[in-house]
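Below is one structure, written out as structure tokens; comments come after it.
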Number of protein chains: 2
Amino acid sequence: MPIKNADQSAVIGLNAIIVAVTDEVPRILIVQRAAHSLATPAQRGEADSYEDSPVTLPFGPFDPSQHRTLELGLHKWVEQQTGLGLGYVEQLYTFADRHRDPREQAGGPRLVSVGYIALVRQVPLSGAGEAEWQNCYDFFPWEDWREGRPKVVDEIIRPKLQLWAKNIDEKNERESTQERLSIAFGTGTASWDFDRVLERYELLYEAGMIGEAIRDAKIRAAISGLSEPQVASEAIETAKFLGTTMALDNRRVLATAIGRVRGKLKYRPVVFDLLPSTFTLLNLQLVVEALGGVRLHKQNFRRLVVNGGLVEPTGQRDIQSRGRPAELFRFRREVLSERPVSGVGLPSLRTIG
Amino acid sequence: MPIKNADQSAVIGLNAIIVAVTDEVPRILIVQRAAHSLATPAQRGEADSYEDSPVTLPFGPFDPSQHRTLELGLHKWVEQQTGLGLGYVEQLYTFADRHRDPREQAGGPRLVSVGYIALVRQVPLSGAGEAEWQNCYDFFPWEDWREGRPKVVDEIIRPKLQLWAKNIDEKNERESTQERLSIAFGTGTASWDFDRVLERYELLYEAGMIGEAIRDAKIRAAISGLSEPQVASEAIETAKFLGTTMALDNRRVLATAIGRVRGKLKYRPVVFDLLPSTFTLLNLQLVVEALGGVRLHKQNFRRLVVNGGLVEPTGQRDIQSRGRPAELFRFRREVLSERPVSGVGLPSLRTIG
DNA sequence: TCAAAAGTGTTATCCTTACACCCATGT
DNA sequence: ACATGGGTGTAAGGATAACACTTTTGA
């Protein structure tokens, strides 16, 4: 199947990464049948014989004639599809690499999507779509360290990645890959940095260890008319331990989003968009832990958050399940206008590295 | 002049914000004649009678059939136009609001640009374009506090903005605007936060105080066939103190970029992409100060940077101008793999606010 | 009475800030 | 000699991390 002349055009779509936390689980909204309106069979070309994952991020085309801004366009179709009103919304990244959608090779237009992150208080879904909530860590089992370091890290990821990197022929590339490994997975002197979600995902993809990598290799072969590549059955077994495969590059998009949210947690009070207006300190902590994928030290967390002026007591108490009833707190919006820049110069250059 | 049916289409372009620091001045690359290939007179419609600033950010259309990724496309035409090889490059934001280019109203396509920041060591320009370096603070005189608080802040910006906000009729809007003012310009309890470049720019625009706001009001009137709005000559005088006007929303894009760079300085070692491979600690400090728009405490800066393991001495000395010759340092690339996540939990939730 | 969670107190350590002071070089 | 910038020492204050410990409730 030869490559057609690539279409010059590009279509702009919107990808929504909608995050909520309930029952100590960070969840994102996914759609089960790959229904992105871009990819009608006609547009795709005929190379539609491969099997792709049915799990996608919510996607909608952007119609400039209807929507004044990208964000408004997003709100509109998310509401139609899910009945959700979005709270905090932030632009994530614009994804436009060739072959994000491998069907491009068969003549489809370039798929450009602008990703947006939205944080919501989880509510029941309504609306036309087939959206549902799914645990983030189904897609990234290695990112949840709340019950200790996940076994998959030591038993599969680190050994296999190290072996892969060691066998790279070209010396410079090998060494730089090994350095990336050490940074992303904390193999050398470095420790695990919870923000580097994307870097970890990319290395796993490059090493051919996750479902998308195997799928894409097949597609490339199919489209360029080569025979099906031999994928070791062992590789397929491995991939099963490395999370649920998503359509196209959606898992990459999601990895970008999780990394961003984790980073943002540290310097902007975004958690509160995931919580009801009053909450106990434990509620708050569990939500932060869920997103961060780490356990926090309870007493210190409380002090940080209270002394830091982030929250204030309401005087009310929680009608609770077990144990002593906790005080209900609320977010102090005033902190937004209180950020001191601290005495001399740019605050904390220490963290430059 | 009636509004035509808006074109459904969108065109994707790339905007480059190319930053270098020399002689303690942060400079960006600008183009003097508005030469973005999108806006041929034919595409614009006939409503081309207004005067726009000739100062633009480098812009190039993105051709998906030629370039595998946005970033590669960017490298390509930047090199053609300027002869510059880009070092550190990072995606900034995607701008797609309606009427970014007011000519849209007259039937032009929606202008979607993906902005990229590039940090380079300044070198002489070559290439086909008419690009040149210009001091960032020509566009944002209120952002450079190295010689103390700029007079324009106390004498013009704060009083005029406060007056403007006070006269907003609707109570909620007035109060939220006043809060935004206090956060952005450190008027109330808050201190000036150097990262909030965009927020400050937006308030000045909303208040109609800068050139772009006046221009856009005129254009809107011209296109919809209304009579030229009466702009107080005082407003035009004020605008002269508030920096050089740029074409379209380019100054907004630039504000976004500067805010991002300032933020990034604090937690990623990006400064080193602006410096030669060896440099004195004073060199380093001056570059950080130039971008941050603040003076830093010398001794502490040095300790932070040396003890933090960011740089290491080379043993060589600077052939200097005045004073004791300084040791030359180099960036320690190893820090990239050393970021410890610090004991318990997410590092420094303190800065959440 | 026990388990479970809330909440308080205390300490060692490190980082930041702010001073004061000395060193090497060119003019 | 002195101006200019390079470079060191030290001490106060604050934030963090790691303890141990008490309190209040439901089952």
Side-chain angles (χ1 to χ4, degrees), chain A residues 24 191 266-267 278-289 292 294-329 335 338-353, chain B residues 23-24 191 266-267 278-289 294-329 335 338-353:
Chain A
E24 310 176 30
S191 43
K266 281 173 221 146
Y267 62 97
T278 67
F279 45 82
T280 68
L281 294 180
L282 184 61
N283 290 155
L284 176 60
Q285 181 174 351
L286 290 173
V287 171
V288 173
E289 288 178 341
V294 229
R295 282 270 163 253
L296 301 176
H297 187 267
K298 186 174 76 165
Q299 295 89 323
N300 292 337
F301 178 83
R302 303 170 95 92
R303 237 182 314 249
L304 238 45
V305 123
V306 176
N307 297 353
L310 273 174
V311 296
E312 61 190 359
T314 61
Q316 290 173 303
R317 325 211 127 255
D318 189 26
I319 29 99
Q320 89 295 345
S321 39
R322 280 189 304 244
R324 171 175 170 177
E327 180 141 30
L328 286 169
F329 286 77
V335 289
E338 286 171 0
R339 307 167 84 347
V341 191
S342 71
V344 176
L346 297 175
S348 89
L349 273 172
R350 117 189 108 124
T351 26
I352 260 189
Chain B
D23 304 327
E24 311 176 29
S191 43
K266 281 173 222 146
Y267 61 97
T278 67
F279 45 82
T280 69
L281 294 180
L282 184 61
N283 291 154
L284 176 61
Q285 181 175 350
L286 289 172
V287 171
V288 173
E289 288 178 341
V294 230
R295 283 268 164 257
L296 301 175
H297 187 268
K298 187 174 75 165
Q299 295 89 322
N300 291 338
F301 178 83
R302 302 170 95 91
R303 237 182 315 248
L304 238 45
V305 124
V306 177
N307 296 353
L310 272 174
V311 297
E312 63 191 356
T314 62
Q316 290 171 302
R317 324 213 129 254
D318 188 27
I319 29 99
Q320 89 295 345
S321 36
R322 280 188 304 245
R324 170 175 169 178
E327 179 140 29
L328 287 169
F329 286 76
V335 288
E338 285 170 1
R339 305 166 89 342
V341 192
S342 72
V344 176
L346 297 175
S348 88
L349 273 174
R350 117 190 108 123
T351 26
I352 261 189

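Hydrogens, waters and symmetry mates play no part in the numbers below; they use all other heavy atoms, side chains included.
Rounded to an integer number of Å, the gap from NE2 of A/His297 to P of D/dT16 is 14 Å. Distance A/Asp318 CG to D/dG26 P: 12 Å, rounded to the nearest Å. Rounded to whole Å, the distance from CZ on B/Phe301 to P on D/dG6 is 12 Å. Taking atom CG of A/Asn307 as the reference point, atom P of D/dG14 lies 13 Å away to the nearest angstrom. Rounded to whole angstrom, the span from the CG atom of B/Leu304 across to the P atom of C/dA18 amounts to 13 Å. Rounded to whole Å, atom C1' of D/dG7 lies 15 Å from atom CG of B/Leu328.
A pairwise comparison of heavy atoms in B/Glu327 and B/Pro313 identifies OE2-CB, 3.5 Å as the closest pair. Of all heavy-atom pairs spanning A/Leu286 and A/Arg295, the tightest one is CD2-NH1, 4.3 Å. Across all non-hydrogen atoms, the minimal contact from A/Ala326 to A/Thr280 is CB-CG2, 3.7 Å. Residues A/Leu281 and A/Val306 approach most closely at CD1-CG2, 4.0 Å, considering heavy atoms.
Separation of atoms CD (B/Gln285) and NZ (B/Lys298) is listed at 8.0 Å; rounding is to 0.5 Å. In this structure, the separation between CZ on B/Arg324 and CZ on B/Arg317 is 7.0 Å, given to the nearest 0.5 Å.
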How would nucleotides 6-14 of chain C be written as a contact map, 5' to 3', with B for base contact, S for sugar-phosphate-only contact and - for no contact, using protein heavy atoms under 4.0 Å? BBBBB----

